[in-house]
Trainee: 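The structure is given below, and queries will be raised subsequently.
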Number of protein chains: 2
Amino acid sequence: MASIKDVAAEAGVSVATVSRALNGHPSVSPAARARVLAAVETLGYRPNAVARSLRTDQTRTLGLVISDVMNPYFTELARSVEEEARALGYSVIIGNADERPDLQDHHVTTLLDRRIDGLLVSPTDGGSPRMLEAARAGTPMVFVDRWIPGVDVPVVRSDGRAAVRDLVAHLHGLGHRRLAIIAGPAATTTGRERVDAFREALAAYGLPLPDAYIGQGDFQAGSGRRVTEGFLDLPEPPEVVFAADNLMALGALDAVRARGLRVPEDIGLAAFDDIPWFLHTGPPVTAIAQPTRDLGRAAVRALVERIAGRAGASVTLPARLVVRRSCGEPDGTTPHQSPSPVRRSTP
Amino acid sequence: MASIKDVAAEAGVSVATVSRALNGHPSVSPAARARVLAAVETLGYRPNAVARSLRTDQTRTLGLVISDVMNPYFTELARSVEEEARALGYSVIIGNADERPDLQDHHVTTLLDRRIDGLLVSPTDGGSPRMLEAARAGTPMVFVDRWIPGVDVPVVRSDGRAAVRDLVAHLHGLGHRRLAIIAGPAATTTGRERVDAFREALAAYGLPLPDAYIGQGDFQAGSGRRVTEGFLDLPEPPEVVFAADNLMALGALDAVRARGLRVPEDIGLAAFDDIPWFLHTGPPVTAIAQPTRDLGRAAVRALVERIAGRAGASVTLPARLVVRRSCGEPDGTTPHQSPSPVRRSTP
DNA sequence: ATCCTCCGTGTAATCGATTCCACGAGGAGG
DNA sequence: CCTCCTCGTGGAATCGATTACACGGAGGAT
């Protein structure tokens, strides 16, 4: 592979001039610039990003450590992150933690070793020593979706509280009273928050959330299935199950079908995170949609701010309820009064 | 960030000794090694991968350029590629081409600039100049899923021919005669092959594949929807639509629902690529499943062989038909005789 | 006792870029 | 005509690692 020296030799100038010509430095004569460009062309020269990074101490690369690539929500997030980063001249290296703290650590370490300019993390757990250390050491960092309390890092996330209230109002309006939740891991903020929001919303209607109606999941399909089976085995099963993410909702659907039961006739289902497939399941699933694209964009912008040495503000965007048929057929009128916008979506 | 010099100073040895101690070089005294390790510990030193890459001319990084990250098939592929690469001590940088040749080119260029050790590509088109140039220049490269004819690069892919025959046999057994296909882009090998396989299989039953029953899609949901609408507008619409990938099947489902029609009563649907969601759609979709995990693994192994300077053989793995309910209810007996294994899957 | 070998270590070159500093030529101003 | 500044350019240091080569000392063979 041709190096800058080869280009210099071909153009009959020094490497300094080649570098300047290629980086748009003002004091290069038009003649020299032209010769350099011609040499670059004939040799098919491309600057070595590794060497450049070593010298300039910046890689123009962002690291993104997400909890689970197979989860469509995170896939979409990753995609929007990459898009925005590309627009800003950065590349993105994605690390898939698969909801495993050890893997998350592995990726954080690898990315730091590669001297990425900034790190975007959706933490799987309460924060590994390596990550906390990185945050303290001053690595530009931003949390997306999930975060770790007590760490001075901007957080870009979606607030589902209002949407969960809308969901409970919707369910209440449909006549449902026994509502259960498949929770995410308590080690994650989203795992805790969604349960809290659900409990609060229920309380507003004077409904209880008994322990038997809180199933402990891990944001993966298998746990959704197991928890739902547990619910169905209860002497008094819930009328509706609310899954704290889309994968656990999928597992719940599995469990219901495996018993030969139907949604929503035998049991209702709602999910946090809306994904394209929910339109096509039998029946279409009522879900809480996050503004995923905007979250990705905002996260990258905040991170780039941090890299530039500025503050980089936290951002919280509202989620919204998307009503479909999985909790029972609405009767055609608004099922509840709510100040926040509720989109009715029927395929 | 602490560098090797700091470690050397702290341990009271030279940088050469530090490097040797850290890389397991035999001629380092136990005493020196211990002092180095202690210094590394107190300073929290981590080797700078950028500097190492520059010197050793290897990044221990693989590039993966895929056609569309939002497609669950490619997501799973990416995941298995990363897993196998990690097991072999490599990192993976994923580039999402979004079925756009220009984006594909952008990623290939960026990855090459970063001096990745090898490139895994699922080409979006017939091969951009940049990619062909890279292949010729001797960059270790392997095609996965799709490939470009006439280029001397190993191909790791799945052969769906037998499975497509099984599918047509299944459809024929159910009494269907008017079969249509939503094809992928003719610029891709998978786009062409699946149509060819379908046509051949039909011919074996004396069935025609009229031009009106070949819809041109682009592997994205929108095109599946448009093409299906076209089929439904035909004076004699097909009895079954076979989508050449899962996203176009999703679009087809959309189109059918939008008309208020039902699958499979009004029109049957089958898809190439099986994904978890097909179990949960209404109705569950009959699909051709590729051994995605194995493909990813094999691709990485072939690429690593190439990097090591060895040949790196092409691999072709068979796909298999997974019968569900979207083409009509099987009557409970084997719908056809087939030498290859057919799994019956009902949720 | 002497010489050779081997072991542990350090010095310095190197990878491919960027960038500080110096230098020569040419133009402007006195 | 001399001085000073500006502009374009080249030489060389630098980033942080790896590694060839040199060297001193210890131990074994004769």
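We name chains A, B, ... by the order of the sequence lines, and we start the count at 1 in each one. Heavy-atom basis, side chains included; hydrogens, waters and symmetry copies ignored.
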Trainee: Would one find more than 12 heavy atoms of other residues, nucleotides or ligands at under 6.0 Å from atom CG of B:D294?
Mentor: yes
Trainee: For DNA chain C, which residues of residues 24-41 of chain B approach it to below 4.0 angstrom with any heavy atom?
Mentor: B:S27, B:V28, B:S29, B:A32
Trainee: Keeping the roles fixed (side chain from B:R306, backbone from B:A311), state whether a donor-acceptor pair exists under 3.5 Å.
Mentor: yes
Trainee: Can you check whether A:L37 reaches A:L22 side chain to side chain, under 4.5 Å on heavy atoms?
Mentor: yes
Trainee: Please report the distance, rounded to the nearest Å, between CD in A:Q58 and P in C:dA17.
Mentor: 16 Å
Trainee: For the helix from C:dA1-D:dT30 to C:dG30-D:dC1, what angle lies between the axis at the first five pairs and the axis at the last five pairs, to 10 degrees?
Mentor: 50°
Trainee: What is the distance, to the nearest angstrom, from the CZ atom on B:R46 to the P atom on D:dA17?
Mentor: 11 Å
Trainee: Less than 3.5 Å apart, any donor N or O on the side chain of A:E82 or B:N96 sitting next to an acceptor on the other?
Mentor: no
Trainee: Can you list the residues that meet the side chain to side chain donor-acceptor pair (under 3.5 Å) rule with B:S128, with sequence neighbours excluded?
Mentor: B:D105
Trainee: Only one of A:V156, A:V155, A:T190 forms a side-chain contact (heavy atoms from CB on, under 4.5 Å) with A:W147, so which one is it?
Mentor: A:V155
Trainee: Who passes salt bridge (charged side-chain N to carboxylate O under 4.0 Å, His left out) against B:R192, sequence neighbours left out?
Mentor: none
Trainee: Does atom CD of A:Q58 have more than 12 heavy-atom neighbours from other groups under 6.0 Å away?
Mentor: yes
Trainee: So, does A:N23 use its side chain to make a donor-acceptor pair with the main chain of A:H25 at under 3.5 Å?
Mentor: no
Trainee: Okay, side chain of A:Q104, backbone of A:T124: is any donor-acceptor separation there less than 3.5 Å?
Mentor: yes
Trainee: Between A:S19 and C:dA17, is there a side-chain N or O to OP1/OP2 distance below 4.0 Å?
Mentor: no
Trainee: Calculate the interatomic distance between B:L22 atom CG and D:dA17 atom C1'; express it in whole Å.
Mentor: 11 Å
Trainee: Hey, could you give me each pair passing side chain to side chain donor-acceptor pair (under 3.5 Å) that has a residue in residues 59-77 of chain B? Not counting sequence neighbours.
Mentor: A:R114-B:T61, B:T59-B:D117, B:S67-B:S122, B:S67-B:R146, B:N71-B:D245, B:N71-B:N246, B:Y73-B:D145, B:Y73-B:Q290
Trainee: Going 5' to 3' along nucleotides 11-16 of chain C, which nucleotides have protein heavy atoms under 4.0 Å from the base (write B), which only from the sugar-phosphate (write S), and which from neither (write -)?
Mentor: B-BBBB
Trainee: Distance check needed: C:dA17 P versus B:R114 CZ, whole Å only.
Mentor: 15 Å
